[in-house]
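In what follows, chains are A, B, ... by sequence order, proteins preceding strands, each numbered from 1.
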Amino acid sequence: MNIRTLIKYWRTILLVAEMNIRQQMTDGFILFTVLFQPIIIALLGLWMLKDKGPDAAMFVVVGSGLTGLWSSLLFISGGSLNFERWSGTLESLVAVPTPFEVIVFGKNLGNVVQSLISMVLGYFVAAFAFGYSLEIQQPLLFVASVFLSVIAFISFGLIIAPIFVMNPGVRAWQNAMEFPVYVLCGFLFPIALLPGWTSPISYLLPPYWAAVALHGTSTTNASLNQTLFAWGMLLLFSLLDLIIASRLFKVMLYKARADATLGME
Amino acid sequence: MKTLTNNLRLFWQGAILSYVALFHWMRPIQYAASKILMPLAQMFFFVYLGTFATGKDNATFYIIGNALQIAAVSGIYGMSMSIGGDRDNGTLGYIFGTPANRLVVFMGRAFMNIMDGALGVVIAFIWGVILMGLDLSHTSIPALALIILITTISTCGLGLLLGCLALITANVMFVNNFVYFLLLIFSGANLPLEELPVWVQAVSYILPLTRGITAARELVGGASLTEISPLLWGELTVGLVYFVLGYFLFKAFEIVAKRRGTLEVF
């Protein structure tokens, strides 16, 4: 793959992400998932943890944003291919010369970036509704953590989407998969509260490492080594997810072409 | 007598068919996931968040609140999809075209969701006892069952009203999700109502769940059924008000839709 092709793909990714955001901003379900649900969770968390001080407030702001990221990934990225299928555009997207994975990468980028808005809104809720003066304690490390988390979420989404397309039965479990990840990844409380046997499951979930990196750098709770380790895990999972996703997309497209079921559920 | 028999048949057939139609797309294992895993995960999340915030001693407060909140899954989503689904599936015109008693049709839609919602709450309480250490050894189980039933009925009343809104808006899931999540705050499931601003408390008491959750907490705390009966009457009244509002909205929508020819226009 040469530089020209990479630039072409990057332009496609950005364009798809932009179109995706524009289109989704008119959908009530998506607006709720991306904006309102995290804000309600932030309000609830801020009220419940109001006696624990500003550090807990920052924990809630970041954690509620992460709930928005996960719900968006699960419901919107997970269903994005089916949305194209229902719209009758899936065949066209598969047929264009740009690899299908690149297009889905762009869609996931749009979903994840728009979900970050919820973190910003959570910050304003904490500041205006509860009067907190919140400061990100390690701003540069936090920005880097956000970047790596975005990559990890997009890559994870690249696995979820083809699995949901190939297995409509799995998609029916979507509702049951939302809160377990909130719990296991320690979005709003430390996983140390959970039974010890759940920890290995948490370690296998990329959103957990995103939570470790973002919570740690938004406060002073994490040392540089801990943050670097979380970054390493995010990169490792991103790479693994991309490799698995590449294989899954090949299987999905082959199966769809062989069975001629691309537009059918 | 014949009219009564016909209405009973209509009620029962409507109840069964609307419920089957709602879940026809799920396999039993997926239905179990939505009835068992989802409520459990949601309960775990809020119970852990609550105990992280206020200490393990308060776990009972969050377990009871979130177990009863599960009534809103069937009450809000099930009910509104039962009503709104007719529009989505193009069957609304047939319902409006039949001479069937609208109230019976309406109640038939609610019946199975009430049963399903109550079952969901019972399962949540069982999870609470088995996995979270909820102590019901000194609690009157029949009284708790009555609270669950009344709270589910009142929540379905709100769901019925939202279902009617589903007939006039395309963004029904937005409305459903919004109400469901607001109930997590306003019902007092996760926050002691007395700590909330006065206006929030005022809103709380015109919503279902609030009194039911308070009654269940008081019952588990040692109160008798007689002591909590005012709360239960209040909960039932709130639910009935929503049922009546929903019914009249349904009738009004039928008249407007027929006059304007907008039966299935979004």
Exercise. Out of curiosity, A:T33 OG1 to B:M173 CE, how far, rounded to the nearest 0.5 Å?
Worked result: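 Answer rounded to 0.5 Å: 8.5 Å.
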
Problem set entry | Shortest non-hydrogen separation from B:G50 to A:M48 and the atoms involved | CA-CE, 3.4 Å

Exercise. Hey, does A:F36 have a side-chain heavy atom less than 4.5 Å from the side chain of B:F178?
Worked result: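 A side-chain contact under 4.5 Å exists here.
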
Exercise. For A:L44 and B:F181, what are the C-alpha separation, side-chain angles and deciding distance, and is it a side-chain contact (heavy atoms from CB on, under 4.5 Å)?
Worked result: CA-CA 10 Å; A:L44 201 53; B:F181 272 83; over 6 Å; no

Exercise. Just wondering, are more than 12 heavy atoms of other shown residues or ligands nearer than 6.0 Å to CE in A:M19?
Worked result: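 12 or below, so no.
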
Problem set entry | Check: A:F29 ring centre within less than 6.0 Å of B:F174 ring centre |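 Distance test on ring centres: not under 6.0 Å, no.
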
Exercise. Tell me, side chain or backbone of B:F46 under 4.5 Å from chain A's heavy atoms, or both, or neither?
Worked result: both

For this session: Please look at B:F186 and chain A and tell me whether the side chain, the backbone, both or neither of the residue comes under 4.5 angstrom of a heavy atom of that chain.
Result: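 Neither part; nothing is under 4.5 Å.
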
Problem set entry | Interface residues of residues 191-215 of chain B facing chain A - heavy atom cut-off under 4.5 Å | B:L191, B:E195, B:L196, B:P197

Problem set entry | Residue pair A:V183 / B:A41: nearest heavy atoms and the distance that separates them |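 In terms of heavy atoms, the two residues are closest at CG2-O, 4.0 Å.
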
Problem set entry | Pair A:F179 and B:F44, ring centroids less than 6.0 Å apart |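 No - the distance between ring centres of A:F179 and B:F44 does not fall below the 6.0 Å cut-off.
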
Exercise. What part of A:L184 lies closer than 4.5 angstrom to a heavy atom of chain B: side chain, backbone, both or neither?
Worked result: neither

For this session: Report the distance from atom CE of B:M38 to atom CD of A:E178, rounding to the nearest 0.5 Å.
Result: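 B:M38 CE to A:E178 CD: 8.5 Å, rounded to 0.5 Å.
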
Exercise. Is A:I40 close to B:L184 at the side-chain level, that is, under 4.5 Å between some pair of heavy atoms?
Worked result: no

Problem set entry | Whether B:F52 and A:F59 hold their rings parallel, tilted or perpendicular, with breakpoints at 30° and 60° |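 Correct class here is tilted.
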
Exercise. Is the shortest heavy-atom distance from the side chain of A:L49 to the side chain of B:L49 under 4.5 Å?
Worked result: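 A side-chain contact exists here, since the closest heavy-atom pair is under 4.5 Å.
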
